[in-house]
Structure formats: C-alpha cells, structure tokens
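Naming convention: chains lettered A, B, ... in sequence-line order (proteins, then strands); numbering from 1 in each chain.
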Amino acid sequence: MADLSTDFVGIKSPNPFWLASAPPTDKEYNVRRAFEAGWGGVVWKTLGLDPHVVNVNGPRYGVIHGADRRVLGLNNIELITDRPLETNLREIKTIKRDFPDRAMIVSLMVPCEEWAWKEILPKVEETGADAIELNFGCPHGMSERGMGSAVGQVPDYIEMVTRWCKQNTRMPVLVKLTPNITDIRYPARAAHRGGADAVSLINTISSITSVNLDTFSPEPSIDGKGSHGGYCGPAVKPIALNMVAEIARDPETRGLPISGIGGITTWRDAAEFMALGSGSVQVCTAAMTYGFGIIKELTAGLSRWMDEQGHERLSDVVGRAVPNVTDWQYLNLNYVTKAQIDQDLCIKCGRCYAACEDTSHQAIAIKEGRVFEVIDAECVACNLCVDVCPVEDCITMRVLEPGELDERTGRKVAAEYANWTTHPNNPSSQAAE
Amino acid sequence: MANTPLTPGIAPSRLSAEDLARNFGDLHPPLDGHEAAVAADRCYFCYDAPCIAACPTEIDIPLFIRQIQADQPAAAAKTIFDQNILGGMCARVCPTETLCEEACVREAAEGEPVQIGRLQRYATDTMMAAGEHPFTRAAATGKRVAVVGAGPAGLACAHRLAMRGHDVVIYEAKPKPGGLNEYGIASYKTVEGFAQREVDWLLQIGGIEIRYEQALGRDVTLDALRDGHDAVFLGIGLPGAYGLDDAGHDGVRPAVEFIAELRQADDLSALAVGRRVVVVGGGMTAIDAAVQSKGLGADEVTVVYRRGKGRMPASAWEQDLAASRGVRFIHNAQPVATHGNGTVREIEFAYTEEDGPNLRPTGETFRLAADQVLLAIGQWLDEAPEGLERDGTTLSTQGAGRTSLDGVWAGGDCTHRGEDLTVTAVAQGRDAAEDIHATLMGEG
C-alpha cells in the first residue's frame, strides 16, 4: 500500500487532500464532518479583522453546466468569513485539539498595514494551527477594498506582507496567488523573496458566468445587478496546471513548495497536480458539488495508482513531470504522428470529418457506408479529430518510425531530435554548416 | 436435429445448436469500456444514496460508480467486494429492477435508472480477469469454524471468517460448490462457468477447505461439528421442494431439479423437454424454468400462478422477459389434479379469487394439455438438525443469525429473514461471520 502521508513544509497530514479555504471550511460543523469523512487537512475560510464583513443576501453562486447538468464551473461572490474573529478562533482551536493529526491552515486577509498582521498573527498562533495562508487571491469584493487579488496583483506588496508575516510568526507561511495576472512567475518570485515557505494556487478567476436575457442582469443577480465573481471548478484546471508548472520550472522559484489548487475532482487530477510539483492539493468545487464523501475515491484512487506504478510515497511522484515541461522551441520537430481510426470502435457520427474538413486540413475521407478514413498525405497530426471523437481510443495517434515515409511531406522521418532553434526557417537559427 | 418443438412428449434436441446457443447466451452482455463510461456518467453521487439502502449488502454504489468514472474499475471492484464478496454473481442475478435500480433517483427522474447491475459486472469482471484478489488474511486466531453449505451464505461467511484469521472447513452436500448459483439459477444469467470461477477466485483468500459430498445428517452430524469446531454456521438452503398432493404421474417434477439438471448439462441438445410445458408457481424459479423450457425448444410454455399478476414474486421485468420469449401466463388459478395414463397428459386448475390473504376457488376449473409439469411452488427445510428451533418451515434465528443452539449460526434461505435472493444470503453470511468473529474473540 502506497504511503499517502504528507509532510508539506512541516505541516503533516495523513493524506495530501486538503479542503481549500472556502465555504466548506467556514465553521466547526463542516470541518468536523470533513475530518470524519477522511480529509487530510483544511485551509480554514479566510479570517479578517472585526468588525466582520457581511455578505449579500441574494444568490452567491453562478454555474456553467456541461451535458446532463454536470457542474463544470462555479463562480462565487461570497466574501471572507462573515462571523466574528473570536468565534472562528475558538472553533479552530477545538478542531485542532480534536483532530491533532490533520493539517489546520488558517487563511488570512487583513489590510496591507503591518499593525494589522501583527494583531492577528498571535491570535491564530494561539489556536495551535499548523500554518497560515495569505489570501492574495480573491478577485471579488475584497479587492475593491485593497485586499485579496488587489495585493496579489502587485508583487511588491506580496513580498512586503509576506516578510511581515515571516517576521511576526513562527508558523509556516503559504502565499495564495491570484491567477488574475499576466505572468504567474512574478508574484511567485515576490512571495519567494519575501520568505514564503510555499505558494498555493490558483485562487479563482474573475468571471461572469451568464447573463439573464429577460432582465439583462449578469448572474448571479442581486436585485437586477451582478458583479464579477471568482471562477473555479473543473473548467479552470488547465489554467491552474500551467501556472503550477510555470512556478515549478522557473529558475528563480524552482524547489519552492506548491500547494496545487484548481478544479481537482478525481484522484487523477490530484496526481497530475502533484506530478507538476504540488506537494499537497486543495479541493473545493468537487466537495461543494458532491459532498465530502469523494475523499474515499481520492485517497483510494491515488493509492491504487501509486501501487500500480510502483511509487511508494508521494515524494516519488511530486515534480516528476516538471522536467518534461519545456518551451515550444525545444519540441522535437522530427516527431511525426498520424491519426488512425479504429473502424471497429467507430460509431460513424462524422464529428471527426466535420472538424477536419471544415476547420483543419481535409485529412479525413468519408467513404461509401459512412466509413471515415485518415488521408495520411494530408494529416498534420493536429489531434482535433481525437479530441472531438465521442468514443475514447477510437481515434489514436500513431507515431511514425524513423525511416518511415511521411506521405504529407514526402520525406522520411529522421531519427534524430531537431527543434526550432536549429530549423532553417528560423531567422535566428544557428544551423550547423 | 432429430426432433422439433412439435414432437410429442418429452424429447431432447428440439432446436439446432445455434438456436440453443442463442437462447442460453448471456442475458445482459457485458458493457465495454465506452458503454461503461457513458453509463457511469449518469450517476449523480447522491447523498445517503437510496440505491445503497436498497441493496441488502449495502454496497457503496455511488462510490464505485465514481471510481469507474475516474478510470479505476479495479478500485470500484474493491468497493463492491468490501461489502459483497459475491458481487460478481450478484451483478448478474440480482433483480436490480426491484432493488438498487428501482431506488435510483434517475428512475424517478427519467424512468431510466443508472445501469448499476451492469456497471457492477464491469468492475468486478475487470478485477477478476486480472486475477487480483484484494483481500488478505489477518493474523491466525487459531480458531476453527465449520460452515455447512457452499452456497452464497456459506461462501460469504467463510470468506469473511478467513479474512478475520480463522480457519474454515466447509461441508458441502453436493459434488460442486456454489449452491443455487451453481445449481439453481437460469443458465443465461451466469454463463461460461462463472459460478465455479467465482468460487475459485474467492478461495484465493486462503484458509478455507471445502469437503464435498458431506451432507448434514447423512455424512456429518451437528453434534460432531460443534465438538470439532469453535463455531458452526449453517447455510444449508432449503433442500426440500414442495410437490402436489396428487403427484402420481410421470412428467411432473420440481422445477429446481429441472434447472439443476440443465445447469449441469454439458450438451443442451441432449436435454429432454416437453412439447407442452406447464410451470406452476410465480417466483423467480418459475420464470427461470419457463424461459429455459422455451429455450430448449418447448412449443408451448405456460406459467400458472395462483394469485393475481401484481402479487407474483417474480419482478415485472422477469415477467416481461418470459413473455418476450413466448411464455404465456395464467393468473388466479391453482392446480387441482393431474390427468393421464401413467404419464401426465393434462393438468387441471381451479380459478381462484383473492379474499385478503386467503384464496378461494371460484368453482370453475379448466385443463391444460401438458406432457411436462414443473412445480415451482416453494421449498422447505425437510430435515432440520436435531435441537434447532424452527420458525415454520425454516430455522429461527436472532440477531446476526444466532440459532437456538449456542455456537451455531445460520443464514441464507434456510432462515426466514429477508428475500430469498443471493444478495440477501451473502449479507447474512457476512454478518454472521462478523458476529462469530466478535464472539470468538470475546467481544460478543
């Protein structure tokens, strides 16, 4: 049995699955249920200074549905905790006492002034919490007040506040980053310079999920008006994976521990985040959609996959894919593939044909009896047919062997690696004579 | 082909080999990967899911379906086997339409439940095909338990006991294990020797010895078993089949016997079946016997049930299956007599009226031509071991199957608890094993 126990910058938990700072971790009742269900840790919903904030009294969430009303993305306009600081601190202490083996990280958001941080940090420390997470990520509401993503979008502020926190507490400091920036490496580097023990990402993405076409109000609608919310769920996973990878492979931040967040729904998503460098993962939308019971699938799934692959502990997995993330210019241009259609699996829907014929390279022929076949002389191996095919593994990409003729170019596939930096069409290439 | 469906009397070889193969092929062919993915996608992962409550073994159905969604059918299988070690057989034979799938919220929403049974088969088949047995034994306890009967209850009990570290000896009256899974269920529900493969797979846990042709009361006594073991579990089923008062004609036999013979036949074309078959009864055994008679090539098959259609123990789905195979149903009629000269020629019925729980003949009778009559009107415990209290025709038990004798537990059809389903027997065997374990380890 693979060992799922996690030691993330000294924060220990029986498994790497933490509930992200969000509504599911707002109070003792929920967190107790989560721990009883088997979650490894929680990041308590963001605390602020009293007087506590208030929330809207209308809808807080918007949604993007896939087929069959599957939740693909949620958007929320809920603010940080709307309960008194003392209430939260008391409950955090109680939970940490009752579940000493679980990770308890407390998310914080107070004004960008050192006194504010100095005031709240000792109170959190007193609860026995394992660490703090600085919420520099929420893009809605609090950002209008100069907090949340308003801080996360200014690297200098990130560095400054991180440094204050490191100077004023012995607890490890995680810095939660906003994806609402142009290059995630800059805020990550700033957190690193400020002495952060780790970064966690991504927070939610500024979004409007839909517009009511009867009232012309954005959703969720509060008395006919809407405000952008923070987008999360399976839909944001690719954005999050890229940002995690960018930090993991950046020379300035390489080795900085990462807690991965963004649309993690199954064990597989979690394993992917870990492979790209996440030492722990945080989950929210999946729990909000399906309940805490999914933790059984997450832990059993990760454990079984690790057993099957011969990985004994999480450190065997974390960061394993990072060396394979590279720049486009280094991709092997002598790697040639062609789509091939398994006629036994084909259900003759023709989606591959429509995609290829209308929008790609006219590389699929439709023959008598709706038989779809790839024309190797036209196929550029774009993968679009694979992506739109409704049957898994019906269309696959075959790798051409070295020496094999690529019918499209009329050239034989070269065995050696060659990339854009040495390509003759590249004006700045330094091709060997 | 020597005979046809119209050949008079009871005759073999009424259909071609191809027709027989088709008629006895897999009733629900297994889902392939694509079909499983599409079917699994429909599950909502309901909270406190109604399907779990509807499963006698309380399998965590939403979890196992989610594991299929997450590309781990083997993890799904582990979830199933944790609760039901015969999950492979139950996936095939459970009347899911009256259990989990009836409770599925998508049955309520769309009249089309998630295909839980077939997904369960997809998961369990995947793990069994890989040869993986996901359980290991706890440290040996030094305790020995006798299990009587290698049917679903006995096997489930034995496996759980072995897992808890006890040594188990199963005493089985027949030459093969499996009980009704091997001898009593329609063959199109469990093709390709699955019952035996499942037992072989189950025994991989280790610590279970099966002694065949050891019938309780004939070859072993309960007293001897109690003396030689720390506990005894009885999963002896209901060996006796009810007959008719007037049973003097050839061609009249219990349906369970007919089914057992069919299940053990190597060559279906050698099996004889009547041209006109009448099945008396209204449960699953009646349906299985009727559909299989038709499958063997009987020209006319009629099921006659003493009460109304709505009271039939066989599910509506099972009844529809039989009807689609050409079986005719007559309701509200009970057998009065068989007629013939040595061999049965006709069976006479009296129409009935229901008066609450009671049945009353209306006074009108009718006769059906029949050269074979199969009786599926219930089974009973013909010889209960000495000293065990009975509750009517079955053993009486308390709690998790405790009988009136200390150290003796019972489960499955020989007790009168729950429905007479494989899945119910598994739950009872499993729960008795846990109770035996707790008792033997001093926690009981």
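A pairwise comparison of heavy atoms in A/Arg304 and B/Ala74 identifies NH1-CB, 3.2 Å as the closest pair. Closest approach of B/Ala70 and A/Glu297 over heavy atoms only: CB-OE2, 3.7 Å. The two residues A/Asp68 and B/Asp41 make their nearest non-hydrogen contact at OD2-O, 4.3 Å.
For A/Arg70, the part lying near chain B is the side chain, with the backbone staying farther off; criterion is any non-hydrogen pair under 4.5 Å. When heavy atoms are compared at a cutoff of 4.5 Å, A/Ile294 approaches chain B by way of both its backbone and its side chain. Contact annotation for A/Thr265: both backbone and side-chain heavy atoms come within less than 4.5 Å of a heavy atom of chain B. For a residue to count as touching a neighbouring chain, one of its non-hydrogen atoms must lie under 4.5 Å from one of that chain's; by this rule B/Phe45 touches chain A with backbone and side chain alike. In this structure, the portion of B/Glu132 lying under 4.5 Å from any heavy atom of chain A is its side chain and not its backbone. With a threshold of 4.5 angstrom between heavy atoms, B/Ala37 does not approach chain A through any atom at all. For B/Tyr44, the parts lying near chain A are the backbone and the side chain together; criterion is any non-hydrogen pair under 4.5 Å.
By the 4.5 Å heavy-atom criterion applied to side chains, A/Leu345 and B/His34 are not counted as neighbours.
In B/Arg137, the CZ atom is crowded: over 12 heavy atoms of neighbouring residues, nucleotides or ligands sit closer than 6.0 Å. Atom CD of B/Glu192 has 12 or fewer heavy atoms from other residues, nucleotides or ligands within 6.0 Å. Heavy-atom contacts from other residues, nucleotides or ligands closer than 6.0 Å to CD of A/Glu308 number more than 12. By the 6.0 Å contact criterion, CZ on A/Arg398 is enclosed, its count of non-hydrogen atoms from other residues, nucleotides or ligands being greater than 12.
Screening residues 46-61 of chain B for salt bridge (Lys or Arg N to Asp or Glu O under 4.0 Å), with sequence neighbours left out, gives A/Lys296-B/Asp60.
Each of B/Arg66, B/Gln72, B/Gln67 was evaluated against A/Thr266; a single residue qualifies, B/Arg66, per the side-chain contact (heavy atoms from CB on, under 4.5 Å) test.
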